[in-house]
There are 2 protein chains.
Amino acid sequence: MKMSSGVEWALHSCVTLSQSREPVPAARLAELHGTPPAYTAKQLQALSRAGIVHSTMGQVGGYSLTRPASEISALEVVQAIDGDEPAYRCTEIRQRGPLGIPAERCSRPCAIARAMTAAQDAWSRALAQLSIADLAADIDADSDGTAMPDIRRWLTTTRS
Amino acid sequence: MKMSSGVEWALHSCVTLSQSREPVPAARLAELHGTPPAYTAKQLQALSRAGIVHSTMGQVGGYSLTRPASEISALEVVQAIDGDEPAYRCTEIRQRGPLGIPAERCSRPCAIARAMTAAQDAWSRALAQLSIADLAADIDADSDGTAMPDIRRWLTTTRS
DNA sequence: TTATCTCGGATATTTTCTATCCGAGTTCAT
DNA sequence: ATGAACTCGGATAGAAAATATCCGAGATAA
């Protein structure tokens, strides 16, 4: 059970985008984060499809958040990249084999599936109550308040 | 982020083993559950390596639980099959790129990694407080108390 | 002692994820 | 108005992992 590596890049990209009102090209985000440019672009396309970022075409185009960072949860970003289907998929073993239970008597999900769903719900809740703005604030605090200003400065001044 | 399909078979196998004091061959478990025999055996080998089941060789051999089912958590079984490494792996993006932070100033994990670890901990806790005995009881209750007696009967009487 | 049954690790096949490239569309400068 | 440059978007190769399988090593019972 492992998560796509693109999730890490997408979360960092969202934090970075929260520091810019201007659109930021995918190539610029890849340069800032030291990630493969073409593949990073692909993750941003997934965020666009999920309605988390908005893409602007043309010479001064790029990506920007569609909402305030405080209203975008970490869970949304993870699901946009990694998919929203649960990690555990019940194949209804209880209905198979010599002791198989007829489907008509299987109104509730299997007890094992219920346990897995409960665990995944706990995981989802932990990520749902955390916003991109929270992450940005935490990252900034870790660097004694220099990280976010540095990003803002780099985005506005540096020219590739 | 998806879990190995073998997890489902392993959990059902443990529930079944909790109903038998005699060793049960892998082929028998596969027949009962309607799963691929060879691949099912592989999952049981993983459980054996993790110390959850004990294998007995020879003509009347098979697998049996090493401990009472009430002392085996669902988390142990999941980790035995799916691995115990966390789903999210931080590649230290903060140290890369033009604004990379020197490693010496990265004593704490990245804020994003901390959030992911917290979510995974919530998931783990939910599975750790659930035992194989609990699952067996829930499955039995779903069937109005017929499922576990049926399994015990099938294991002792039926002959392939 | 022999034959039969068990597990265990090493071996193909399929699927998924990772990474990349080139075309469609839009904006800005001329 | 025109052209040029820069952007995103989906379709295309390559790599890694999971899935599924087989046959040999070992132990028990007859």
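Note: hydrogens, waters and symmetry copies are ignored here, and every other heavy atom, side chains too, is used. Everything quoted here is computed from the prediction, not taken from an experiment.
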Qualifying residues under side-chain contact (heavy atoms from CB on, under 4.5 Å), relative to [X], sequence neighbours excluded:
X: A:Thr146; result: A:Ser143, A:Asp150
X: A:Ala27; result: none
X: B:Gln45; result: B:Arg49, B:Tyr63

Atom pair distance, as rounded to whole Å: [atom1] in [X] and [atom2] in [N]:
X: B:Ile81; N: D:dA18; atom1: CD1; atom2: C1'; result: 13 Å
X: B:His54; N: C:dG8; atom1: NE2; atom2: C1'; result: 14 Å
X: B:Glu22; N: C:dC5; atom1: CD; atom2: P; result: 18 Å
X: B:Leu44; N: C:dT6; atom1: CG; atom2: C1'; result: 13 Å

Modelled atom types, side-chain donor and acceptor of A:Asp134 and A:Ser131, under 3.5 Å: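 Yes, because at least one side-chain N or O of A:Asp134 sits under 3.5 Å from a partner of the opposite role on A:Ser131.
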Going 5' to 3' through nucleotides 17-29 of chain C, assign each nucleotide B (protein heavy atom under 4.0 Å from a base atom), S (under 4.0 Å only from sugar-phosphate atoms) or - (no protein heavy atom that close). -BBB----BBBB-
Do any side-chain atoms of residues 5-14 of chain B form donor-acceptor pairs under 3.5 angstrom with protein atoms, and if so which ones, sequence neighbours left out?
{"residue": "B:Glu8", "atom": "OE1", "partner": "A:Thr91", "partner atom": "N", "Å": "3.2"}
{"residue": "B:Glu8", "atom": "OE1", "partner": "A:Thr91", "partner atom": "OG1", "Å": "2.8"}
{"residue": "B:Glu8", "atom": "OE2", "partner": "A:Thr91", "partner atom": "N", "Å": "2.9"}
{"residue": "B:Glu8", "atom": "OE2", "partner": "A:Thr91", "partner atom": "OG1", "Å": "3.2"}
{"residue": "B:Ser13", "atom": "OG", "partner": "B:Trp9", "partner atom": "O", "Å": "2.8"}

Does a sphere of radius 6.0 Å around CZ in A:Arg105 hold more than 12 heavy atoms from other residues, nucleotides or ligands, not counting ones at 6.0 Å or beyond?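 Result for CZ/A:Arg105: open.
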Does A:Arg49 make a side-chain N or O approach to OP1 or OP2 of D:dG10 shorter than 4.0 Å? yes
Hey, could you give me the CE/CH2 distance between B:Met116 and A:Trp123, rounded to the nearest 0.5 Å? 6.5 Å
Which distance, rounded to the nearest 0.5 Å, do you find between the CG of B:Asp142 and the CD1 of A:Ile101? 8.0 Å
Just call it for A:Ala26: base, sugar-phosphate, or nothing, with non-hydrogen atoms closer than 4.0 Å on any strand.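 Contact class for A:Ala26: sugar-phosphate only.
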Work out how much the helix from C:dT1-D:dA30 to C:dT30-D:dA1 bends between its end axes, five pairs an end, to the nearest 10 degrees.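 Overall, the helix from C:dT1-D:dA30 to C:dT30-D:dA1 bends by 10° from one end axis to the other.
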